[in-house]
Peer 1: 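Before we start, here is the structure in question, set down as structure tokens.
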Amino acid sequence: MSRREYGEKGWFGLGVPQANPTVEPEFRRLMPDETECFALRLRSLSADPRQRAIDYLRLLPELVNDFATLRLDAFLFACTGSTYLIDDEEAGSIQARAEDILSAPVIMAAQAIRTSLCDLGVERVALLSPYPDWLNVAAIEYWQRQGFEVVDVQQVSTGSDNTDQIYTLGSDVIAPYVNKLLESDADAFLVSGTGMPALLSLEILRASGKPAISSNSALAQQALRSFSA
């Protein structure tokens with residue numbers, strides 16, 4: 001590979017839900033110097049938030065063609081909710097097709113979280129969720145299927161069934177839910193979702209002495225691991 005003027009420590013694609021304002025700012029803070037992230041907006045024409053999340057994943061093999069000849073070290077699918085809504089077999093097939101097109105590994109947000117939790121030896125998780133009820137239930141069921149015991153859930157209220165409202169949340173709104181989560185006897189804390197700002201919440205949760213991960217922090221960690229492997 002020829003020398004890169006920028007990003008000698010890795011070029012990573014970011015699949016970002018179309019209205020999400022959080023992924024890129026957090027990745028600028030999570031990734032080390034001399035890495036570069038190239039964003040691809042995940043798109044759907046549906047007005048239904050559930051269908052939008054499904055479309056983001058099902059349309060992925062088509063969307064990654066937008067990278068054309070840009071050669072990535074890995075592509076990071078920064079939408080956790082899509083994986084909660086599509087069965088594992090279909091998601092794996094979509095992931096494989098996208099990898100063939102990109103000639104690079106595709107790392108899903110939920111997959112990155114699962115790997116991080118397993119590396120930590122976690123069995124019992126406490127979940128901080130920004131999701132409306134229909135997606136919150138799917139998230140809990142997903143992690144239970146993955147073999148984790150969800151011992152506590154703090155569901156941040158947005159007052160809407162539309163996931164777009166997650167993007168209006170700030171750390172001041174989230175703080176009371178974080179403080180409540182600290183009362184849990186879980187092995188680790190999981191802040192699910194790439195659209196809710198999570199970096200300050202992670203700091204507070206980690207100060208308890210227990211590990212805490214978010215969708216974006218897990219993706220960043222696994223991206224760097226994939227590049228150094």
Side-chain angles (χ1 to χ4, degrees), residues 1-18 20 22-43 53-120 122 142-143 145-148 190-195 198 213-229:
M1 182 175 61
S2 61
R3 179 183 179 275
R4 293 168 173 171
E5 187 73 19
Y6 308 109
E8 289 186 347
K9 295 181 181 177
W11 281 4
F12 302 102
L14 278 177
V16 184
Q18 55 198 22
N20 186 311
T22 306
V23 171
E24 290 115 320
E26 290 203 345
F27 266 79
R28 283 196 293 271
R29 292 156 175 81
L30 288 165
M31 298 296 278
D33 292 339
E34 297 306 317
T35 61
E36 296 296 338
C37 292
F38 304 96
L40 171 72
R41 287 283 156 173
L42 304 173
R43 303 189 295 274
I54 291 171
D55 287 348
Y56 292 157
L57 186 49
R58 286 184 173 159
L59 295 174
L60 184 62
E62 174 186 338
L63 294 175
V64 294
N65 281 297
D66 287 357
F67 281 115
T69 58
L70 176 60
R71 295 302 172 212
L72 303 169
D73 295 305
F75 177 83
L76 314 177
F77 185 79
C79 182
T80 326
S82 298
T83 304
Y84 295 155
L85 299 173
I86 295 180
D87 70 68
D88 294 345
E89 183 177 353
E90 182 182 1
S93 175
I94 294 168
Q95 182 179 3
R97 286 162 55 204
E99 287 178 335
D100 286 344
I101 293 166
L102 291 168
S103 297
V106 171
I107 304 172
M108 316 297 287
Q111 178 186 56
I113 293 168
R114 184 172 65 248
T115 300
S116 296
L117 291 175
C118 289
D119 287 347
L120 292 166
V122 168
Y142 175 85
W143 292 114
R145 288 198 309 273
Q146 301 306 311
F148 299 99
L190 167 57
V191 182
S192 185
T194 63
I213 61 175
S214 69
S215 297
N216 288 333
S217 73
L219 266 176
Q221 179 185 44
Q222 298 308 318
L224 295 173
R225 175 183 288 184
S226 74
F227 180 67
S228 61

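Residue numbers count from 1 along this sequence.
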Peer 1: Between R58 and E90, is there a side-chain N and carboxylate O pair less than 4.0 Å apart?
Peer 2: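 Salt bridge: yes.
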Peer 1: Given side-chain contact (heavy atoms from CB on, under 4.5 Å), test S215 with I113 step by step and report yes or no.
Peer 2: CA-CA 6 Å; S215 297; I113 293 168; 3.5 Å; yes
Peer 1: Can you tell whether the side chains of R41 and E24 come within less than 4.0 Å, N to carboxylate O?
Peer 2: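 So R41 pairs with E24 through a salt bridge.
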Peer 1: Between R145 and D87, does any side-chain N to carboxylate O distance fall below 4.0 Å?
Peer 2: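 No.
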Peer 1: Provide the closest heavy-atom pair for A223 versus M31 in the form atom of the first, atom of the second, distance.
Peer 2: CB-CE, 4.4 Å
Peer 1: With heavy-atom distances below 4.5 Å as the criterion, would you say the side chains of L219 and F77 are in contact?
Peer 2: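 No, too far: nothing below the 4.5 Å cut-off.
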Peer 1: Can you find a pair of side-chain heavy atoms, one from L224 and one from P32, that are under 4.5 Å apart?
Peer 2: yes
Peer 1: Any side-chain to backbone donor/acceptor pair from R29 onto P25? Under 3.5 Å, distance only.
Peer 2: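 Side chain of R29 to backbone of P25, a donor-acceptor pair under 3.5 Å: yes, one is there.
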Peer 1: Give a yes-or-no answer on whether the side chains of S116 and Q222 include a donor-acceptor pair shorter than 3.5 Å.
Peer 2: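 Result is yes, a qualifying pair exists.
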Peer 1: Measure the shortest side-chain to side-chain distance between V64 and L40 over non-hydrogen atoms and say whether it is less than 4.5 angstrom.
Peer 2: yes
Peer 1: Heavy atoms only: give me the nearest A98-V106 pair and the separation to one decimal.
Peer 2: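 So the two residues come closest at CB-CG2, 4.0 Å.
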Peer 1: Is it the case that the side chain of R114 and the backbone of Q146 share a donor-acceptor pair, with hydrogens and angles ignored and the cut-off at 3.5 Å?
Peer 2: no
Peer 1: Contact between L60 and F75 at the side-chain level, heavy atoms closer than 4.5 Å - yes or no?
Peer 2: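 Yes - at least one pair of side-chain heavy atoms lies under 4.5 Å apart.
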Peer 1: Over all heavy atoms of both residues, which pair between L42 and C79 is shortest? Give the atoms and the distance, please.
Peer 2: CD1-CB, 4.2 Å
Peer 1: Go through it in stages, so that I can follow the logic: the residues are L72 and F12, the test is side-chain contact (heavy atoms from CB on, under 4.5 Å), and I'd like the CA-CA distance, side-chain angles, deciding distance and then a yes or no.
Peer 2: CA-CA 6 Å; L72 303 169; F12 302 102; over 6 Å; no
Peer 1: Which of parallel (below 30°), tilted (30 to 60°) and perpendicular (above 60°) describes Y142 and Y84?
Peer 2: tilted
Peer 1: Quick one about Y6 and W11 (side-chain donor to acceptor, distance below 3.5 Å, no hydrogens or angles considered), yes or no?
Peer 2: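 Side-chain D/A pair, W11 to Y6: absent.
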Peer 1: For a quick test of reading the model, state the closest non-hydrogen atom pair linking N65 to P61 and the distance between them.
Peer 2: ND2-O, 3.1 Å
Peer 1: Please check if the side chain of T115 supplies one atom and the backbone of Q111 the other of a donor-acceptor pair under 3.5 Å.
Peer 2: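 Answer holds: yes.
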Peer 1: Any side-chain heavy atom of I101 within less than 4.5 Å of one from F67?
Peer 2: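 When only atoms from C-beta onward are counted, F67 and I101 do not touch, as no gap falls below 4.5 Å.
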Peer 1: Quick one: do E62 and L59 satisfy side-chain contact (heavy atoms from CB on, under 4.5 Å)? Show the steps, please.
Peer 2: CA-CA 5 Å; E62 174 186 338; L59 295 174; 3.9 Å; yes
Peer 1: Can T194 and N20 be counted as having a side-chain donor-acceptor contact under 3.5 angstrom?
Peer 2: yes
Peer 1: How far apart are the closest heavy atoms of S192 and T80, and which atoms are they?
Peer 2: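 Residues S192 and T80, closest heavy atoms: OG-CG2, 3.9 Å.
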Peer 1: Using a strict 4.0 Å threshold on nitrogen-to-oxygen distance, state whether D66 and R43 make a salt bridge.
Peer 2: yes
Peer 1: For the backbone of Y56 and the side chain of S82, can you confirm whether one donor and one acceptor N or O come within less than 3.5 Å of each other?
Peer 2: no
Peer 1: Which heavy atom of V16 sits nearest a heavy atom of A39, and at what distance?
Peer 2: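 Closest approach of V16 to A39, heavy atoms only: CG2-CB, 4.3 Å.
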Peer 1: Check step by step if salt bridge (Lys or Arg N to Asp or Glu O under 4.0 Å) holds for R4 and D73.
Peer 2: CA-CA 12 Å; R4 293 168 173 171; D73 295 305; 2.8 Å; yes
Peer 1: Ignoring hydrogens and geometry, is there a side-chain-to-backbone donor-acceptor pair from Q95 to M108 under 3.5 Å?
Peer 2: no
Peer 1: Would a 4.5 Å heavy-atom cut-off, applied to side chains only, mark F27 and L76 as touching?
Peer 2: yes
